There are 4 protein chains.
Amino acid sequence: MATRGRTGDGAPASPPLRADAARNRAQVLAAAREAFRESGTAAPLDEVARRAGVNIATLYRRFPDRQALIRQVVVDAFTLVLDAARAAADASRADAPSALENFMMTLVHQRDMLVLPLIGGPPISDDEVMELQRGINTALEELLDVARADGTIRADVTGLDLITSAAMVCRPLPYLPVEEATALATRHVRVFLDGLRPAVSRELPPGPTFEDFAAHLRQ
Amino acid sequence: MATRGRTGDGAPASPPLRADAARNRAQVLAAAREAFRESGTAAPLDEVARRAGVNIATLYRRFPDRQALIRQVVVDAFTLVLDAARAAADASRADAPSALENFMMTLVHQRDMLVLPLIGGPPISDDEVMELQRGINTALEELLDVARADGTIRADVTGLDLITSAAMVCRPLPYLPVEEATALATRHVRVFLDGLRPAVSRELPPGPTFEDFAAHLRQ
Amino acid sequence: MATRGRTGDGAPASPPLRADAARNRAQVLAAAREAFRESGTAAPLDEVARRAGVNIATLYRRFPDRQALIRQVVVDAFTLVLDAARAAADASRADAPSALENFMMTLVHQRDMLVLPLIGGPPISDDEVMELQRGINTALEELLDVARADGTIRADVTGLDLITSAAMVCRPLPYLPVEEATALATRHVRVFLDGLRPAVSRELPPGPTFEDFAAHLRQ
Amino acid sequence: MATRGRTGDGAPASPPLRADAARNRAQVLAAAREAFRESGTAAPLDEVARRAGVNIATLYRRFPDRQALIRQVVVDAFTLVLDAARAAADASRADAPSALENFMMTLVHQRDMLVLPLIGGPPISDDEVMELQRGINTALEELLDVARADGTIRADVTGLDLITSAAMVCRPLPYLPVEEATALATRHVRVFLDGLRPAVSRELPPGPTFEDFAAHLRQ
DNA sequence: CATGAATGAGGGTTCATTCAT
DNA sequence: TATGAATGAACCCTCATTCAT
């Protein structure tokens, strides 16, 4: 697991919450994910509190401002992704294509947790988030190294391609019911993976690296 | 061209706008696309008016409420896509894979016009929009028919797969500068197209049809 | 007739309007009466123009501001009342109670024209309106003088009592359909008139005079 | 008393307001009465809040929209009238004409509370309001039954006549100062009551019943 | 700790009014 | 003259945020 303490935030040793407070906190985060997915990160915090079944002031006690709430949703999401990416890297030695497919499908199936990077809104340039993203990239590059050595995945694909593709695939059209959306996403994953087999045709044009990408987040 | 009159709306023969009014209208739509892309469809209309350089009341004169503005942005977007899809269908007889690639890349390059379906927000269940979507699907299925007969594109891919993939590919992470975002999107298109070559491997799992999709929009 | 020129305004000899302009003007006034009756004198002028079937700018050409429009509606109303009051004064010599009843019932039946004084809104302190009101009071006092001499109406009732009672009776509850509202108003007139017969009982307590009343309009 | 709890609303047992909140609520209602009386029910709610000395959002916390505020003003008004009507019905056994006069004068003296039915605006077709109106009518019919049996009031007058007359008399021309307006209203009440004595002259023409009236409110 | 209440500020929308055609 | 268009200002209502209980 990549997380410790509360819900993956790196706050230094805050005393564990009382049981009810922890429950409230989790409900607020779940409600925030729902609301953000439906209406974007500008969704009314009243609404988030209502869905969570707590008073708005309780929400504020846990998350001093909107930014803090967004941040935690993002951290939770990237924490999940990091865990999955590391598992995939570990599994890649046995079977890299399967490991990658499992990684992608894990994200597809958990996509209700993966709200933020997929939605837009102001970028979160936060050290912890950055670190998580970097870890994800590292794990995926590790997987790709194995696969390139294997010859099981085309050589010109990067970790950033995988991350961003996964991000997109996790966000298919929002009004489809969940099973159909999953089916559609699964098909896209499959086509994408088929496209990742060692190229018999044209090489990919150059694209940004993870560092380019990270540079823009830092502003 | 799929459009006639103003900007592709099917309003029954309103007299053409005065030159200055038409200019204002176009500026409002451009500003709305910008704002919606950055902040979602809940973006302040004040802001849209300011970017367009008109008074908020002028915006309201043209678009009686937010919904009407969103709708027009969507209609304009789908009109472009429909034009491109029909061109691709026409070109497919000569070379289907190229026609498809051109279609995808046309969308990638025009993606500043293609705001809405990509953003979320409440679905627009509107007859005209529906008709445009259906037309797009029809054109792409026509292209696929040719390509399947050719044996140049795998048989188990549908028009809906193409539409939704295109939608996702046109919306890469928002904070990348335009050239890098284009490069990344281009790479994704290429991988996707490579994945569309006649499958040497597994067949795709079943997915929703366009009609399934349309049914959900109608509610 | 108490009026000359246009519609009873005392504007000094403006050239007569072109036929269509005159029609527009009359339609605007009729629409204003309707709107004012339903929503008060703060009713949107757009709405008035729409009901009149003219452009808002046309309304403004005729009535430079809301005040001017209200004023004309009031003047038209008081002009009607003045005509009726003078007719009643003339007829009072033959039969004062009947003359008074006819006066009251004339107002009841024309009450769609009698919009303003009955609705509230800021008082119109305008010389012409004042003059009309004074004329009405004078005529009614003349009628009362005859009746008091006759012994057909109680001696302690004043012109102001009649005016204000008439004003109230012309404005019964607004959501009744017109026939029922008229029936109700007629009953009130009858009771009131019966109460006006020479008192066998208590004398009325003192009340304001017309001059008191006028003083407050002048502010 | 016809009321219990807050201010006569039949809301099912909301917990009692905190003391300061209750004070604010009452001030808002008083301010609304003032503003509605002066400018109609379309009066700016900002203005209401300002007069009440509270923030506009506080007003909205208590009354979720304009309609709710209007409704409460009406309910409060009719509650007062109902209390007075029941008292009059009780007192009628001893002396019906005095009971009626007291009823009318009670309304005249409390007319700053009796804002809405007297002003117009959209009819409030609300069950609780309906019930109050029906109760008022019932009480007044009870009084009239006694009086008709007594022979102290003419037989052809109805409860609806009394209600609507009272409504009108409570709304004399708005710009008179309060003492003069009261004096004028008192005179009208007296004339009206004199007209209610057993008719020595003509019978009243037929008019709408309370049920007719109620039917129109229900639409 | 959790809630009800209050508030300031901002965004949505309408309206009165003026201008250009 | 009559109209379409534009605008500034008002008003409605919601929301984020803070305070008192």
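Residue numbers begin at 1 in each chain, while the letters A, B, ... track the order of the sequences. Because the structure is predicted, anything quoted here is derived from the model rather than measured.
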Peer 1: Among residues at least two apart in sequence or on other chains, which ones pass salt bridge (Lys or Arg N to Asp or Glu O under 4.0 Å) with C/Asp126?
Peer 2: C/Arg71
Peer 1: How many Å lie between CG on B/Leu59 and P on E/dG12, as a whole number?
Peer 2: 10 Å
Peer 1: Any side-chain heavy atom of C/Arg62 sitting closer than 4.5 Å to one from C/Gln72?
Peer 2: no
Peer 1: Is a side-chain donor or acceptor of C/Arg66 paired with a backbone partner of C/Thr41 at a separation under 3.5 angstrom?
Peer 2: yes
Peer 1: Please tell me if D/Arg61 has a side-chain N or O lying less than 4.0 Å from either OP1 or OP2 of E/dA6.
Peer 2: no
Peer 1: What nucleic acid atoms does C/Ala43 come within less than 4.0 Å of, heavy atoms only: base, sugar-phosphate, or nothing?
Peer 2: sugar-phosphate
Peer 1: Which residue lies toward the 5' end of DNA chain F, D/Glu47 or A/Asp65, if each is placed at its nearest nucleotide?
Peer 2: D/Glu47
Peer 1: Quick one, D/Leu59 and D/Asn24 - any side-chain contact, counting heavy atoms below 4.5 Å?
Peer 2: no
Peer 1: What contact category does C/Asn24 fall into here, base, sugar-phosphate, or nothing, at under 4.0 angstrom with non-hydrogen atoms?
Peer 2: sugar-phosphate
Peer 1: Taking C/Arg37 for its side chain and C/Asp112 for its backbone only, find out whether a donor-acceptor pair lies under 3.5 Å.
Peer 2: yes
Peer 1: Rounded to whole angstroms, how far apart are CG on B/Leu45 and P on E/dG12?
Peer 2: 5 Å
Peer 1: Can you name the side chain to side chain contact (heavy atoms under 4.5 Å, CB included) partners of B/Ala42, sequence neighbours left out?
Peer 2: none
Peer 1: To the nearest Å, how far apart are C/Arg23 CZ and F/dT1 C1'?
Peer 2: 13 Å
Peer 1: Do other residues, nucleotides or ligands put more than 12 heavy atoms under 6.0 Å from the CG atom of C/Asp127?
Peer 2: no
Peer 1: Go through the structure and list residues passing side chain to side chain contact (heavy atoms under 4.5 Å, CB included) with A/Tyr60, not counting sequence neighbours.
Peer 2: A/Leu45, A/Ile56
Peer 1: Quick one: on DNA chain E, does A/Asn55 or B/Ala42 contact a more 5' nucleotide (nearest heavy atom)?
Peer 2: A/Asn55
Peer 1: Grab the CD-P distance between C/Gln67 and E/dT17 for me, whole Å please.
Peer 2: 10 Å
Peer 1: How long is the line joining CG of D/Asp46 and P of F/dC12, in whole Å?
Peer 2: 5 Å
Peer 1: Starting at the 5' end of DNA chain E and moving along, which residue's nearest nucleotide shows up first, A/Thr58 or D/Ile56?
Peer 2: A/Thr58
Peer 1: Can you tell me how far P of E/dT7 sits from OH of A/Tyr60, to the nearest Å?
Peer 2: 18 Å
Peer 1: Enumerate the salt bridge (Lys or Arg N to Asp or Glu O under 4.0 Å) contacts for residues 41-55 of chain D, please, sequence neighbours excluded, ordered by first and then second residue.
Peer 2: D/Glu34-D/Arg51, D/Glu38-D/Arg51, D/Glu47-D/Arg50, D/Glu47-D/Arg51
Peer 1: Scan nucleotides 19-21 of chain E against the protein and return all N/O pairs shorter than 3.5 Å with their distances rounded to 0.1 Å.
Peer 2:
none

Peer 1: So which atom in D/Phe63 and which in D/Ala68 form the shortest heavy-atom distance, rounded to 0.1 Å?
Peer 2: CD2-O, 4.0 Å
Peer 1: Starting at atom CZ of B/Phe63, determine the distance to atom C1' of E/dT14, rounded to an integer number of angstrom.
Peer 2: 18 Å
Peer 1: Think D/Arg62 has a side-chain N or O under 4.0 angstrom from the OP1 or OP2 of E/dA6?
Peer 2: yes
Peer 1: On DNA chain F, does the nearest nucleotide to D/Pro44 precede the nearest nucleotide to C/Gly53 from the 5' side, or the other way round? Give the residue.
Peer 2: C/Gly53
Peer 1: Measure from CZ on C/Arg50 to P on E/dT14 and round the result to the nearest Å.
Peer 2: 11 Å
Peer 1: Just need the stems in DNA chain E: three or more back-to-back Watson-Crick or G-U pairs, each with both distances under 3.5 angstrom, sorted by first number.
Peer 2: E:2-21 with F:2-21
